[in-house]
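Right, one structure below, let's go through it.
Computed over heavy atoms, backbone and side chain alike; hydrogens, waters and symmetry mates excluded. What you see is a predicted model, and the numbers here were worked out from it, not measured in a lab.
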Amino acid sequence: MTATGIDLRSYSAPFSDAHDFAQMVLPLRGKLMLDINGASGVLHPLRAAFIAPGLVHTQFSQESNQSLILDFDLAGVTPETAGRLAERPYAPIGAASARLIDFMGLMYAQGAAGAGVLAHWTPLLLESLTHQPLRPASRLQAALTQFEAAPGQPWNTDSMARLACMSVSSLHRVFREELDTTPQAWLNAMRLRFVCRQLVESSQPIAQLATQAGYADQSALTHAMRRAMDITPLAYRKQGQTKIR
């Protein structure tokens, strides 16, 4: 498998392109409108897109968004995987794929998404995306977008359920069915992803980032990062910025 490159991009005004390599669009946050050779779709953190070589595609969005863009050589993919990609240009992102995408998002932010990492990660990602069962459109799409746009809000299962227009029990069931996790575990992970990206990409004070992400204070953020990642926010920032330089 030859991955020719990976990038982190946001889109606003319509932009059209075509290229001689294959491409995966892997949303990290927000919503993106995409047209691939006349076939339109909406991308979000639960839905990715495959663009075959030579196809004209146009993307745009009217809201904040960010996606990982993976360019790769389709000749290095097995015929079975290539066929599945072509059959399902708009593919659901399951729990395993989401974890792989989040991992690469963090590696990219830290400047560690080198050729060796891509060579191992790309086949795993394509395998996870192409061997998922088809499912109806996510019942969580709109709610997840709003949660991600406001990580600092005092979300809990009651307020999340109200925004998703579900009962609390239904919210738990749908999260388990679609994301293989609980609402609180997803919320915790989303807030940590937000903080990790900001620690590397911005110079905002850690205390300010903590409140923006919904933590009571810097101490609460430090405790959460130590428990989940065995690292402090300051150490993570120093490590990430050193790798970028």
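For the pairing with Arg9, the side chain to side chain contact (heavy atoms under 4.5 Å, CB included) check across Ile69, Asn65, Val25 returns one residue only, Ile69.
The main-chain N or O of Val77 is never found under 3.5 Å from a side-chain atom of Thr81 such that the two would form a donor-acceptor pair. Looking only at distances, no side-chain donor or acceptor of Thr122 sits under 3.5 Å from a matching main-chain atom of Ala119. Although no hydrogens or angles enter the test, the distance criterion places no donor-acceptor pair under 3.5 Å between the side chain of His19 and the main chain of Asp17.
Residues Phe50 and Ile36 are not in side-chain contact: their nearest non-hydrogen atoms beyond the backbone lie 4.5 Å or more apart. Using a 4.5 Å heavy-atom threshold, the side chains of Glu201 and Leu8 count as touching.
Atoms CG and CD1, from Leu70 and Ile51 in turn, are 11.0 Å apart once rounded to the nearest 0.5 Å.
Hydrophobic cluster membership differs between Met104 and Phe21, with clusters built from Ile, Leu, Val, Met, Phe, Trp and Tyr side chains linked at under 4.5 angstrom. No continuous path of hydrophobic side-chain contacts links Val42 to Ile93 [ILVMFWY only; heavy atoms under 4.5 Å]. Connection of Phe15 to Met33 is not established within any shared hydrophobic cluster, with ILVMFWY side chains joined at heavy-atom distances below 4.5 Å, either directly or through further cluster members.
Between the side chains of His172 and Arg176, no donor-acceptor pair of N or O atoms lies under 3.5 Å. In this structure, a donor-acceptor pair under 3.5 Å is absent between the side chains of Thr232 and Arg226.
Partners of Ala210 under the side chain to side chain contact (heavy atoms under 4.5 Å, CB included) rule, at least two apart in sequence or in another chain, are Tyr215, Leu221.
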